[in-house]
Amino acid sequence: MKSAHYRLDSSRSTLLLEAPATGTAGTMPRILYWGTPLPNDERPQSLARALTRPALQGGLDDAVPLTLSPSLVNGFPGQPALSGHRKGRNALPGFPDVSVKEDDNSWTILAKDTAAGLTLQIVISLAADSNVLAMNTRLTNDGEADYDLQWCAAATLPIPSSHEEILSFRGRWCGEFQTARRRAPVGILMRENRRGRTSHDSFPAMILGTEDFNETTGAVIGAHLAWSGNHRVLHERLPDGTRQLQMGELLLPGEVMLGPGQSYQSPDVCFTFSDEGLGGLSSNFHRFLRSDLLPPQTRKPRPVTLNTWEAIYFDHAPEKLSHLAKLAAQVGVERFVLDDGWFKDRNDDRTSLGDWVLDEKKYPHGLEPLISEVQNLGMEFGLWVEPEMVNPDSDLFRAHPDWVLHLESLQEPTGRYQHVLNLTRPEAAQYLFDSLDALLKAYPISYLKWDMNRDLSHQADGQSFVTGQQTKALYALIDRLRESHPTVEIESCASGGGRADFGILRRTHRIWASDSNDAHDRQSIQQGFSLFFPPEIMGAHIGPMHCHTTGRCLDLDFRAITAFFGHFGLEADLSQLSEEELSRVTDYIALHKDWRSILHSGRVLRQVLEDGRALLFGVLAQDLTKAMVSYAVMEQTRDALTAPLRLPGLDPDRFYRVCAFNQLSNPGRRMKNMPDALFDGSLILSGRAIAGSGIQIPVLDPDTALLLQITESGMAYVSG
């Protein structure tokens, strides 16, 4: 019996699947092709023959293909996609009975092994316009005894031999989304995360590409696990050159014990590929999020936000808040968010988490006077909460110490003086819903900053690990709140970027990319963040001159330009700014409002220049009529003069006016004269010239930046 072939097409790619004849163990389907669109009359049988691999001497008599669920059952020597057993039995299911159902640009592959008592379901969908491929896996225990599941890859993707370089992610608190490049090694390259949340240091993603791929050139494949808990990202290269990429939820020992009839559902893995380097990859993911995943509020103009944390900390003096609100409205803020310290006895971070009732000492008349003032000033009101946590010094913990995640007989360490509530307990989840629901009913709150300031250490309900259930219970809690309060927007903050992933983005509207408002650090954080996430969901604020987390003192223009492209805002005591500084902040906010429809819909531009000594970040309008670009110097440049800035992507046959928005402070210290044309609005160049010869940038100090506006001039291009 011949193999069957199936095809999916999007506007940007073709996906071919080969399903061998059913009835033989190890006959799972395989991806035959995923790449640029093939002709409609391409013959998959011929393609399969062209890719037939010889059986090698010294090996098995038949070549072993890389399937959607590789397994030792047919002799595959690498990492299996499924691992589990029933007290040592049924450890190698063969799934001889396979069917493929086609539906709306997706496949549902059902594979059964009656002898092993297991059913495997793999769902594959190809987004019509964004070229994003989503895959997930579901395993059902059809047997009469429990099945101890140890690993179930959400997806397995074959990697072409040409993609020899790997870009992966590392980081830390206040230093998220840092990238590292290496050659693909022989053997397994694996990153595992056991922190119970997405993590600051192991963002669940990997990019593989051809040699020396960059922002504009090279073929790349990107993959991301849409999951907010423990995870595994695994790349393997076998000695014969076979390469696979697996991603899935990392399961702790005994965490998933499937009883008869029970199923395990994996998260989604989202893949995309691009022949236009990292810029094309980002555009695909951004297009997918904007059209298929993000909540509808993110398609509206993102309100300029002031968050009170680094302005007042726990000092909620009414007159100070009132003055801050007036100054916020004066500079153009549209949303005022009251951060930590508003609830009962919360005067530092050691107490009261879990007691979500207003501190009547600070707010004897409730929140109404502050909210009314904020709204009368033309701003929305938002509130900080950290629902998943509880301090030992709280009424909630004293009443329900058993509501925290823990392992019996072991003392759990605190983190930031707090424990994690066990959301898998219905009564704990109900308490949190009731508390938040009451706040949202009592006050006109349009926005919740949902924080989560520690890792999960003892990820158990007393007896068994429940990390995955905890993540799903969090999702359910947020989903329930959104259903009850559909106009309220929610920010995902986990001591910064510790919970940034497509899973949480299905139900939230913004991600706080990092707890660091230090513009120097934010430059690289935001470059890494933007590889997968579009600017409109990236919380980015102008912080104080003296940075809270690093101690650096940075120029206002540099702080404003760094925050400008994201979901723009402020997090500083505006009363400490001079009139001239308030005026500059006002100008940046006004410019952002003029440009945000472009910034939050266009194509992101990035360049790493001079080995990281300078960074470019910008956004190009989809219709190529304009672009906004930041050129930031991170450290002393190598040469006395920087090379002209070449910016590809503009229409080569249109003319553009290029003008810097900000002036340089003390330019005479480094230059006898300035390139005035860049500042007076007289510089008009074709897109071809901007990409080809470029624009000379003045000599900048480290930790300074230029904000360049590039707008169509209206001149016509005449060839010859």
Side-chain angles (χ1 to χ4, degrees), residues 130 177 214-216 274 276-291 294 298-304 510-511 513 519 522-542 557-569 588-609 614-632 645-651 654 656-662 685 687 690-691 694-695 697 705-713:
S130 61
F177 303 105
N214 57 33
E215 284 293 334
T216 56
S274 166
E276 300 175 337
L278 294 172
L281 177 144
S282 292
S283 290
N284 289 343
F285 278 128
H286 296 177
R287 190 180 298 110
F288 170 70
L289 289 174
R290 286 166 174 163
S291 63
L294 287 170
T298 59
R299 296 166 183 75
K300 301 175 184 177
R302 300 289 75 218
V304 176
R510 171 173 132 139
I511 289 174
R522 271 284 183 145
Q523 283 282 336
S524 62
I525 290 168
Q526 294 176 182
Q527 289 248 342
F529 183 94
S530 69
L531 284 166
F532 286 82
F533 303 102
E536 63 265 30
I537 60 94
M538 178 180 71
H541 291 171
I542 302 173
D557 287 299
F558 185 56
R559 288 177 278 142
I561 292 170
T562 300
F564 185 83
F565 294 86
H567 188 165
F568 192 39
Y588 276 108
I589 290 175
L591 184 70
H592 175 83
K593 290 177 181 178
D594 287 343
W595 277 79
R596 63 183 163 191
S597 63
I598 302 297
L599 301 177
H600 297 163
S601 66
R603 177 172 176 142
V604 168
L605 306 172
R606 290 177 301 261
Q607 290 184 31
V608 177
L609 305 165
L615 297 175
L616 179 143
F617 190 93
V619 176
L620 173 65
Q622 296 289 355
D623 63 4
L624 308 186
T625 58
K626 57 180 65 177
M628 182 74 79
V629 171
S630 156
Y631 180 90
L645 175 64
R646 295 172 175 85
L647 188 66
L650 296 164
D651 185 337
R654 297 189 199 183
Y656 296 89
R657 188 182 305 276
V658 183
C659 185
F661 176 73
N662 60 304
L685 298 167
I690 294 173
I695 303 164
I697 298 294
L706 271 182
L707 188 63
L708 303 179
Q709 301 178 78
I710 303 172
T711 54
E712 189 175 18
S713 73

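Only this structure's heavy atoms are used, side chains among them; waters, hydrogens and symmetry mates stay out.
- Each of Arg522, Gln526, Gln523 was compared with Thr562 under the side-chain hydrogen bond (donor to acceptor under 3.5 Å, both in side chains) criterion, and only Gln523 meets it.
- By the 4.5 Å heavy-atom criterion applied to side chains, Tyr588 and Phe661 are counted as neighbours.
- Two residues are said to be in side-chain contact when any heavy atoms from C-beta on lie closer than 4.5 Å; Arg606 and Val604 meet this criterion.
- The minimum heavy-atom distance linking Phe565 with Leu599 is given by the pair CD2-CD2, 3.8 Å.
- The minimum heavy-atom distance between Ala513 and Met538, with the atom names listed, is CB-CG, 4.1 Å.
- Each of Phe532, Phe529, Phe533 was scored for a ring-ring contact (aromatic ring centres under 6.0 Å, His included) with Phe285, with one residue passing: Phe532.
- Residue Leu531 comes nearest to Leu281 through the heavy atom pair O-CD2, 3.7 Å, listed as atom of the first residue, atom of the second, then distance.
- Nearest heavy-atom pair, Ala632 versus Phe558, reported as atom, atom and distance to 0.1 Å: CB-CE1, 3.9 Å.
- A distance-only check finds no donor-acceptor pair linking the side chain of Arg654 to the backbone of Gly687 [under 3.5 Å].
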| said: Between Leu591 and Leu707, is the side chain to side chain contact (heavy atoms under 4.5 Å, CB included) condition met? List the steps. | reply: CA-CA 11 Å; Leu591 184 70; Leu707 188 63; 3.8 Å; yes

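- Between Glu536 and Lys300, no side-chain nitrogen of the basic residue sits less than 4.0 Å from a carboxylate oxygen of the acidic one, so the salt-bridge criterion is not met.
- With a 4.5 Å cut-off on side-chain heavy atoms, Ile589 and Phe568 count as touching.
- Remark: the backbone N or O of Ala705 is paired with a side-chain donor or acceptor of Asn662 at under 3.5 angstrom.
- With respect to Ile710, the side-chain contact (heavy atoms from CB on, under 4.5 Å) criterion is satisfied by exactly one of Leu685, Leu647, Leu620: Leu647.
- For His567 (side chain) and Pro303 (main-chain N/O), a donor-acceptor pair under 3.5 Å exists by modelled atom type.
- Between Phe617 and Gln527, the closest side-chain pair of non-hydrogen atoms falls below 4.5 Å.
- Leu645 places a side-chain heavy atom less than 4.5 Å from the side chain of Leu708.
- Side-chain contact between Arg290 and Pro534: present, with at least one pair of heavy atoms (C-beta onward) separated by less than 4.5 Å.
- For the atom pair CD1 of Ile697 and OH of Tyr631, the computed distance is 6.0 Å after rounding to the nearest 0.5 Å.
- For Ser601 (side chain) and Ser597 (main-chain N/O), a donor-acceptor pair under 3.5 Å exists by modelled atom type.
- When all heavy atoms are compared, the tightest approach of Thr216 to Pro648 is CG2-CG, 4.0 Å.
- In this pair, His592 and Phe564 present their aromatic rings perpendicular. The plane angle is above 60°, beyond the 30 to 60° band.
- Ser274 approaches Asn284 most closely through the heavy-atom pair CB-ND2, 4.4 Å.
- Looking only at side-chain heavy atoms (C-beta outward), Tyr656 and Asp651 come within less than 4.5 Å of each other.
- Judged by distance alone, with hydrogens and angles left aside, the side-chain atoms of His286 form a donor-acceptor pair with the main-chain N or O of Ser530 at under 3.5 Å.
- Side-chain contact between Arg596 and Arg302 is absent, with no heavy atoms from C-beta onward closer than 4.5 Å.
- The only member of Ile561, Leu706, Leu616 that meets side-chain contact (heavy atoms from CB on, under 4.5 Å) when paired with Ser630 is Ile561.
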| request: Starting from the C-alpha separation in whole Å, work towards a yes-or-no answer on side-chain hydrogen bond (donor to acceptor under 3.5 Å, both in side chains) for Thr625 and Glu712. | output: CA-CA 5 Å; Thr625 58; Glu712 189 175 18; 5.2 Å; no

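- To the nearest 0.5 angstrom, Arg646 atom CZ is 11.0 Å from Leu609 atom CG.
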